[in-house]
Amino acid sequence: MSGLLSTVLFVLVFVVLYQIGKASDYAATIRGEAESRKQANKALAILMCITFIFGMIGIWACHNYFKDMLLPISASESGREYDKMYSVTIVVTGIVFFITQTLLFWFTYKYQASENRTAFFFAHSNQLEALWTTVPALAMAVLVAIGLKNWFTVTSVAPPNAAVVEVVGKQFNWIIRYPGKDNELGKRDFRKIDDANNVLGMDWTDPHNADDIISQSGELHLIVGKPVKLLIGSRDVIHDVGLSHFRLKMDAVPGITTTMWFTPTITTDSMKRLTHNADFVYEISCDQMCGKGHYSMRGTVIVETETEYNKWMASQKAYYVANATPAAPTEPTKPAVLPTDSTHKAPGITKN
Amino acid sequence: MTNEAVLKDDAAVAHDAHHADHHDHEHHEQHFIWKYIFSQDHKIISKQFIITGMIWAIIGALMSVFFRLQLGFPNSTFPIMEKFLGDWAKGGKLSAEFYYGLITMHGTILVFFVLTAGLSGTFANLLIPLQVGARDMASPFMNMLSYWFFFLSSILMLVSLFVTTGPASGGWTTYPPLSALKEASMGSGVGMDLWLLSMALFVVSSLLGGLNYIVTILNMRTKGMTMTRMPLTVWALLFTAVLGVLSFPVLFSGFVLLIFDRNFGTSFYLSEIFIGGKALPHIGGSAILYQHLFWFLGHPEVYIIMLPGMGMASEVLSTHSRKPIFGYFAMILSLIGITLLAFLVWAHHMFVTGMSPFLGGIFVLLTLLIAVPSAVKVFNWLTTIWKGNIRLNPPMMFAIGFVSLFISGGLTGLFLGNSALDIHLHDTYFVVAHFHIVMGVSAFFGMFAGIYHWFPKMYGRYMNNTLGYIHFFITFIGAYLIFWPMHYEGIAGMPRRYYDFSAWESFKHFGEINVFISIVALIVFFGQLMFVVNFFMSIFYGKKLTTPNPWGANSLEWTTPINPGHGNWPGEIPEVHRWPYDYKDDGNGNDFIPQVTPLRPGEESH
Ligand code: HEM
Ligand SMILES: [Cu+2]
Ligand SMILES: [Cu+2]
């Protein structure tokens, strides 16, 4: 019913507007073209001005609305640099934005047609053109310089003490593999994959695999302050490990291994307090279209102290023990999609 | 072909200079089919393109309304959607699969069918012969084929909406392996085959058109029309065609390989995949290769969409400010710069695919370089209206809106082009906001400016002004209201191509703003319908032109009769004596001097 009503309303508004349009054109003809065109021109110039002013107020209002909804302070070292660079770029582009938009609307208003004005014949000026070729070029040079410096830092080789964790995407969840006690990830082969007992296709003839630990719920545990290097892969289509709280992202591409390293600086618990949100959790979002469940391909990152991490690690069973030894009972797999909050509830004393 | 030879097969056209005086005898009526359907007249073909483009635009926009409803109201149902979409929206709720089908079609339709074929097809066809002083395109027959290939391609795309497994649904970029494997998604079935076939035909259409545009501009200019006397619209359309001709074949090759991977067991893009419970035999392919091939067109494509708008905005801003375009040569040079650089920046779409960081660095540099010619254009437009005598007609309003949106959207490109910033913003709503403003809405504004400006030339009537103004304000304000907040969502990391955000701790608090955006999108959609109604009503009932040159413009198209026949000029093609931007006192109280006016004694040509 309300659907019908709103449809009728819409049609009505539509017809009214259309009639106004027709009528005003007739009126213009009666009143005299030239006269009404002059009036319309003035009115439109004022309307453009008002649009501009409301636009600026709108930007301010929008800014206020979102102020407290954006991401909290970056939880990685490189992310801090990211935020700085972002601010610089905002300032540079912001200045250009306000100057050029103001000029555009101001000129529109100021130089509206009038009988007493003749347009100024001004076809070109080498100085002006040189000016606005070089100034943007210099501004770009600055932005490129900052950008490349950060880019080469973020993409640099991971420090040797970095922990190594593997993150593998599949439709539609993340599988995380930790190297276990030997600190070495074993070999794997996609032809050995079996959803029942070998989700990553680990090669059981490789002894390094025996102690590897797998989290099928996409829970990535990290130690605060310790660099970590992610080895990223995919079982099927392209996915993307999106870590917005760390200002990072890397595609997961079948057939190749991509990497990304960073140092988490704030534990999950600290972040809960920082954001005054008891439900806060670092989320891994899939950022590359991967099929119908793309929007639900969620993982979590739990940043914790070394003690907490070790405690958690000690409670984990090697995947081999649970799946490959004939006698061992198969561990019930945890829910694969959309796990709720982290199950980790260690007392919240952290340093960072 | 020469100008006269072009028309030799066409019985309707005997407006040859020699026969001008007795052409009535030879003017035997053409059959309706040859005159309006399989027409070879560039003006009719241009109308075919614009009307097909408008139909597509309405379909594409309606799709955005549907998926915006899902994004704004993920927990509600809209029974009316079931009427339109049937099983895809059972109980009035869009299924996830069809949501992805819709955004894929929406993107494909608007980028290719509306803003490439609809925009270039319309204005290159209409303006090139009229503005360079030619009777028609170099090959009117190829030109006709170009439209009919587009038409076939349209039909296939339309059909793909109705197959049981749904249309292609991997995004308009259709990355493999998702798009290559039927197991990966329902949309990768027949829908994807139809998509690929349709796009292949589209490439053919675009090449036939593009080659024709280039040859016509280079070879068929009238006497006195040197390259540097061409209006900037023609320059822009020339580079648009060059971009298309050089990059569409690369896309085509990418599609061919994809077709092979899908149907003939090759492994160009596939390697080490386990899907649908089994390991596939493919080894050694590279999924990234497709992305290189795709973006080698994909990036130039955004300039294929932008350049016609830039050209038309230049023309409109100059004409309605009654001032010459500022820096004509700088405008041409910046077009050249943009065209060259457009081929060298494609990998900025691939910063996070794991490509070599060094290569990434090079692409950052080249990408931000494009900002320089773009900035030159903006400042030149601003100087063009500075101290003008601005007539705020609907085309002028849209041209001003075009500049505003181009600035806003261009500036956010500096964030995305800088890999160190893109690493967080990539594939978030920041990208959606950026490309909608700069290539979606801004290009649309260029197109609207062109339509309002040249409608009198196309149909011999005016469009309704008041409706034009209402259309402008709804669209301009609406576009900013829709897309401005999306930047913030993107900065907060909200990913694009998500069907529902309510399960995400990090993104669920944007529910309220998503509602707001969806409501504005609905209003803007109805605002566009107002334009469509205005357009079609004006074709039949609009106020008739009383003078062939209603805007007081200089370029050649306004020297043709109000309703030119095939061949454009009844007599000889006029000769050109000056550049098209002599908006100055002609000595008789007019503030413009058409290109056909000989130089006055002592007057220097530009
Ligand atoms: C009222 C106007 C429009 C609205 C409200 C709108 C809305 C949207 C939204 C919300 C998305 C993202 C969906 C998602 O990622 O889940 C989208 C995608 C897209 N839109 Fe629009 N759009 C509009 C007009 C246009 C125009 C004029 C263009 C022309 C360039 C365009 C081109 C695209 C493209 C290329 C995509 C990406 C599709 C993909 O992800 O594969 N849209 N649109
Ligand atoms: Cu995904
Ligand atoms: Cu690009």
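Chain A is the first sequence line, chain B the second, and so forth, proteins listed ahead of strands; every chain is numbered from 1.
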Quiz prompt | Best-contacting candidate, A287(B), A184(B), G410(B), against chain A by heavy atom pairs under 4.5 angstrom | solution = A184(B)

Quiz item: Which is it for L104(A) and I400(B) under the side-chain contact (heavy atoms from CB on, under 4.5 Å) test, yes or no, and what are the steps along the way?
Solution: CA-CA 8 Å; L104(A) 179 67; I400(B) 292 169; 3.9 Å; yes

Quiz item: Relative to chain A, which segment of D591(B) carries a heavy atom at a distance below 4.5 Å: side chain, backbone, both, or neither?
Solution: neither

Exercise. Quick one: closest heavy-atom pair of C286(A) and Y498(B), and the distance?
Key: O-OH, 2.7 Å

Quiz item: Where is the tightest heavy-atom contact between L280(B) and F190(A), given as atom of each residue plus distance?
Solution: O-CE1, 3.3 Å

Practice problem: Report the distance from atom CD1 of I407(B) to atom CG of L103(A), rounding to the nearest 0.5 Å. | Solution: 8.5 Å

Quiz item: chain B heavy atoms under 4.5 Å from T51(A): which part of the residue, side chain, backbone, both or neither?
Solution: side chain

Quiz item: Can the ring centroids of F415(B) and Y86(A) be said to lie less than 6.0 angstrom from one another?
Solution: yes

Practice problem: Just do the ring pair (Phe, Tyr, Trp, His ring centres under 6.0 Å) check on F326(B) and F122(A) with the steps written out, would you? | Solution: CA-CA 7 Å; F326(B) 179 78; F122(A) 185 41; 5.0 Å; yes

Quiz item: Rounded to the nearest 0.5 Å, what separation is found between the CD atom of Q171(A) and the CG atom of L181(B)?
Solution: 9.0 Å

Quiz item: S419(B) versus chain A, heavy atoms under 4.5 Å apart: side chain, backbone, both or neither?
Solution: both

Quiz prompt | Rounded distance (nearest 0.5 Å) linking atom NZ of K170(A) with atom CD1 of I275(B) | solution = 10.5 Å

Quiz item: Nearest 0.5 Å, what's the CE-CG distance between M396(B) and N41(A)?
Solution: 10.0 Å

Quiz item: With only heavy atoms counted, which part of I423(B) is less than 4.5 Å from chain A, the side chain, the backbone, both or neither?
Solution: both

Self-check item: H282(B), part contacting chain A, at a heavy-atom distance under 4.5 Å
Solution: backbone

Exercise. Taking all non-hydrogen atoms of both residues into account, name the closest pair between A330(B) and E129(A) and its distance.
Key: CB-OE2, 2.8 Å

Quiz item: Side chain, backbone, both or neither: which part of F501(B) has a non-hydrogen atom closer than 4.5 Å to chain A?
Solution: neither

Quiz item: Quick one: CZ on F274(B) to CG on D195(A), what's the gap to the nearest 0.5 Å?
Solution: 5.0 Å

Quiz item: Can you say whether L178(B) sits under 4.5 Å from chain A via the side chain, the backbone, both, or neither, judging by heavy atoms?
Solution: both

Self-check item: Segment of D582(B) engaging chain A (4.5 angstrom heavy-atom cut-off)
Solution: both

Exercise. Please examine the side chains of E283(A) and S506(B), heavy atoms only from C-beta on, and report whether any two atoms are closer than 4.5 Å.
Key: yes

Practice problem: Go through the atoms of L425(B) and report whether side chain, backbone, both or neither lie under 4.5 Å from a heavy atom of chain A. | Solution: both

Quiz item: Say you draw a straight line from OH of Y328(B) to NE2 of H124(A); how long is it, rounded to the nearest 0.5 Å?
Solution: 13.0 Å

Quiz item: Does a donor on one side chain sit under 3.5 Å from an acceptor on the other, for Q112(A) and N389(B)?
Solution: no

Exercise. Under the side-chain contact (heavy atoms from CB on, under 4.5 Å) rule, what do I385(B) and T108(A) come out as? Steps first, then yes or no, please.
Key: CA-CA 7 Å; I385(B) 66 171; T108(A) 304; 4.1 Å; yes

Practice problem: Examine K387(B) relative to Y111(A) and say whether NZ or CZ is less than 6.0 Å from the centre of the six-membered ring and inside a 45° cone about the ring axis. | Solution: no

Quiz item: So what's closer than 4.5 Å to chain A heavy atoms on F476(B): side chain, backbone, both or neither?
Solution: side chain

Self-check item: Which atoms of F472(B) approach chain A - backbone, side chain, both or neither, heavy atom under 4.5 Å
Solution: side chain

Quiz item: Quick one: are D236(A) and P177(B) in side-chain contact, heavy atoms under 4.5 Å?
Solution: no

Exercise. Go through the atoms of L270(B) and report whether side chain, backbone, both or neither lie under 4.5 Å from a heavy atom of chain A.
Key: neither

Quiz item: Can you say whether T412(B) sits under 4.5 Å from chain A via the side chain, the backbone, both, or neither, judging by heavy atoms?
Solution: neither

Self-check item: Least distance between heavy atoms, Y100(B) atom then G291(A) atom
Solution: CE1-O, 3.6 Å

Quiz item: Does the pair H294(A) and Y499(B) meet the rule for a ring pair (Phe, Tyr, Trp, His ring centres under 6.0 Å), with working shown?
Solution: CA-CA 8 Å; H294(A) 170 54; Y499(B) 166 71; over 10 Å; no

Exercise. Please flag which part of K278(B) lies under 4.5 Å from any non-hydrogen atom of chain A: side chain, backbone, both or neither.
Key: neither

Quiz item: Tell me, side chain or backbone of S156(A) under 4.5 Å from chain B's heavy atoms, or both, or neither?
Solution: neither

Quiz prompt | Between W484(B) and F97(A), ring centroids under 6.0 Å | solution = yes

Quiz prompt | Over all atoms of both residues, closest heavy-atom pair of V144(A) and N418(B) | solution = N-ND2, 4.4 Å

Quiz prompt | Output field: ring centroids H63(A)/Y488(B) closer than 6.0 Å | solution = yes

Quiz prompt | Shortest non-hydrogen contact between A371(B) and M140(A), atoms and distance | solution = CB-SD, 3.7 Å

Quiz item: Side chain, backbone, both or neither: which part of F54(A) has a non-hydrogen atom closer than 4.5 Å to chain B?
Solution: neither

Exercise. Verify ring pair (Phe, Tyr, Trp, His ring centres under 6.0 Å) between Y282(A) and W504(B), making sure each step is shown before the conclusion.
Key: CA-CA 10 Å; Y282(A) 294 118; W504(B) 292 79; over 10 Å; no

Quiz item: Side chains of Q101(A) and S408(B): is there a donor and an acceptor less than 3.5 Å apart?
Solution: yes

